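Computed from a predicted model, the values in this text were never measured in an experiment. Each chain gets a letter, A, B and so on, in the order its sequence line appears, and its residues count up from 1.
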Protein chains: 2
Amino acid sequence: MKSTIPDAGVPIAPPAQNGGDRQEASLHGEVLLRLRDYVVEGNIPDGARVPERQLCEMLGISRTPLREALKVLAAEGLIELLPNRGARVRQLSQRDLEELFDVMAGLESLAGRLACEAITDEEIIAIEQMHYEMYGHYLHRDMHGYFQANQRIHESIVAAARNETLKTTYANFAGRIRRVRYSANFARKRQRWAEAMREHEAILDALRRRAGSELSDILFQHLRNKRAAAIEHLTEPQEDAPASP
Amino acid sequence: MKSTIPDAGVPIAPPAQNGGDRQEASLHGEVLLRLRDYVVEGNIPDGARVPERQLCEMLGISRTPLREALKVLAAEGLIELLPNRGARVRQLSQRDLEELFDVMAGLESLAGRLACEAITDEEIIAIEQMHYEMYGHYLHRDMHGYFQANQRIHESIVAAARNETLKTTYANFAGRIRRVRYSANFARKRQRWAEAMREHEAILDALRRRAGSELSDILFQHLRNKRAAAIEHLTEPQEDAPASP
DNA sequence: AGGACAAAAAATGAATGCAAAATGACTTCC
DNA sequence: GGAAGTCATTTTGCATTCATTTTTTGTCCT
């Protein structure tokens, strides 16, 4: 195996010489965003070595801004930098995943608690709306729609917490986990799906009553159950074969 | 005002040419550790501009590894990088502090919950020991000892959670807050001090019973009260003058 | 033929150099 | 006298270059 990156034939960046009109940020910032997405979306196989040279060509930049971006990604926990031996996509062990899920659970739990202090009736109504949409997707077995709605609900709760620091941290961890494409698979278990719907109803109920401590508990348990389903799915891969390769 | 850094006469790094036998990590890693400590310990005034050149001379290195370290510190939230205008120590608004305290509260709350699942009797005994030590410091009005014991207790709970990811994240936020030297001041309020002792007893009690959900609540409230005391202290600076300048 | 050693090739880590942007000072004009 | 414009200096951003370390390849010996 020579090139560790799968089909990186197409440069991520346009020529980028200077023609680009939009200049969203400094070069290293742009590179950071691109690289982060690239890694989060799973374009690089787990644990694969990523030669700097190759990334440079791919992005059309020199090594200096690239290395700065790599350092940041390493600090974010997406990749790991072995001294003198380059960057690798961080391989998440099952234990790592468990830990990440638990931290996410803690963050959502906190978000719920804080949200109860600050959320407006309108926001609750909006979340109820998403909940009904989600229920519709559930009934139609529309997994993709279900998960999008689900994600929006959780993000709305985080947003209602009125805490930018929390929001940023949450997004960071969500990115780390997103590499593991658990969602599309573990949700196929019908039983878990029904359970999740019930939990979501309990979440809404606690939210309406602004019962912070209670909501905190429910959210933690909800995420814990998600974690269990995800981990179970990993150890015993598929219960019915997914369509995507 | 020319040099924004106070008494940076002494280079942080020893000669560092090559004589040093110990080589803890790569240069940028070493620089990162040093710079982080330097910032966390508050050696640079809030919002002060930090010319790269000056830091380079101070550390005896070139700009490349320094800039890498700065990017990481920015990602960690300790400094902020304004495009084309250099690095500034991140100025924490009161709102920022509130947010940070709340996230810390959430993390400790999570730590408590997880600790209840995994903590051993020996660890609880060790924490009880620290608790009694802390009580001793409390009785002797030994603020410094009290805070050290207090910090050790909270760190022990985090350690008992058996979650390295949580531990790292916790340490990160602790570092961000540490810049604000609240501890030495707000603790002078006797009433709050007594309250905190009572809360700590409740924490121990819940921990002994492995009552995760309950401990989670107590810890959150405990940190919330800390936050209130810290913020109050900031708005209405000292109730009795501190000895240190 | 298989393994160990050595040299070449490549990749990483750090330093230097160069262009662009910002800061500051000075001049000029109203 | 004050404000705006212009030029010099400083500083940042990125590319290039140099020095080490690692990895690969080729050869030799058992």
Side-chain angles (χ1 to χ4, degrees), chain A residues 1-5 8 11 13-21 23-35 44 47-75 79-89, chain B residues 1-5 8 11-13 15-21 23-35 44 47-75 79-89:
Chain A
M1 53 182 86
K2 315 302 269 295
S3 80
T4 53
I5 300 182
Q17 311 291 42
N18 55 6
D21 291 324
Q23 184 178 345
E24 207 156 326
S26 55
L27 186 46
H28 82 264
E30 183 81 14
V31 167
L32 180 56
L33 293 179
R34 282 179 183 282
L35 251 188
I44 304 176
R49 221 182 132 172
V50 186
E52 293 179 1
R53 197 54 161 261
Q54 196 170 343
L55 288 176
C56 287
E57 292 173 5
M58 197 165 82
L59 296 162
I61 58 169
S62 92
R63 283 177 53 214
T64 308
L66 176 82
R67 286 173 57 80
E68 292 174 350
L70 286 179
K71 295 284 186 303
V72 173
L73 291 183
I79 64 175
E80 53 188 352
L81 261 44
L82 300 137
N84 286 323
R85 295 177 62 194
R88 305 180 101 87
V89 173
Chain B
M1 53 182 87
K2 315 303 268 295
S3 78
T4 52
I5 300 184
I12 289 188
Q17 310 293 41
N18 56 4
D21 290 325
Q23 183 178 345
E24 206 154 328
S26 55
L27 187 46
H28 83 264
E30 183 81 13
V31 167
L32 179 57
L33 293 178
R34 283 179 183 283
L35 250 189
I44 304 176
R49 221 183 128 175
V50 186
E52 293 178 1
R53 198 54 165 257
Q54 195 171 344
L55 287 175
C56 286
E57 293 173 4
M58 198 165 79
L59 296 161
I61 58 169
S62 92
R63 283 177 52 216
T64 307
L66 177 83
R67 286 173 57 80
E68 291 173 350
L70 287 179
K71 294 283 185 306
V72 172
L73 291 183
I79 64 175
E80 53 189 351
L81 261 44
L82 300 137
N84 286 322
R85 295 177 62 196
R88 306 180 99 86
V89 173

Within this structure, what is the [atom1]-to-[atom2] distance between [X] and [N], rounded to whole angstrom?
X       : N      : atom1 : atom2 : result
B/Glu68 : C/dA14 : CD    : C1'   : 8 Å
B/Glu80 : D/dT12 : CD    : C1'   : 16 Å
B/Ile79 : D/dT12 : CD1   : C1'   : 14 Å
A/Leu81 : C/dT12 : CG    : P     : 10 Å
B/Glu52 : D/dC14 : CD    : P     : 11 Å
A/Leu66 : C/dT12 : CG    : C1'   : 12 Å
B/Leu70 : D/dC14 : CG    : P     : 14 Å
B/Leu27 : D/dT21 : CG    : C1'   : 15 Å

Would one find a side-chain N or O of A/His28 under 4.0 angstrom from OP1 or OP2 of D/dC14?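 Looking at the OP1 and OP2 atoms of D/dC14, one of them is under 4.0 Å from a side-chain N or O of A/His28.
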What are the atom names and distances for every N/O pair under 3.5 Å that joins the protein to nucleotides 16-23 of chain C?
residue	atom	partner	partner atom	Å
C/dT16	O4	B/Thr64	OG1	3.4
C/dT23	OP1	B/Arg85	NE	2.8
C/dT23	OP1	B/Arg85	NH2	3.4

CE/B/Met58 to CZ/B/Arg34 distance, rounded to the nearest 0.5 angstrom?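 The CE atom of B/Met58 sits 10.0 Å away from the CZ atom of B/Arg34.
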I need the B/Leu81 CG to B/Leu70 CG distance, nearest 0.5 Å.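 Going from the CG atom of B/Leu81 to the CG atom of B/Leu70 covers 6.0 Å.
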Residue pair B/Leu73 / B/Leu35, side-chain heavy-atom distance below 4.5 Å: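 The answer is yes; the side chains approach within 4.5 Å.
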Applying side-chain contact (heavy atoms from CB on, under 4.5 Å), can you list everything that pairs with B/Ala75, at least two apart in sequence or on another chain?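 By the side-chain contact (heavy atoms from CB on, under 4.5 Å) rule, B/Ala75 matches A/Val72.
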Please report the shortest heavy-atom distance between B/Leu32 and B/Ala69, naming the atom on each side.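 It is CD1-O, 3.8 Å.
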Would you mind listing every side-chain hydrogen bond (donor to acceptor under 3.5 Å, both in side chains) that reaches into residues 64-75 of chain A, with sequence neighbours excluded?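 Found A/Glu52-A/Arg67, A/Arg67-B/Glu68, A/Glu68-B/Arg67.
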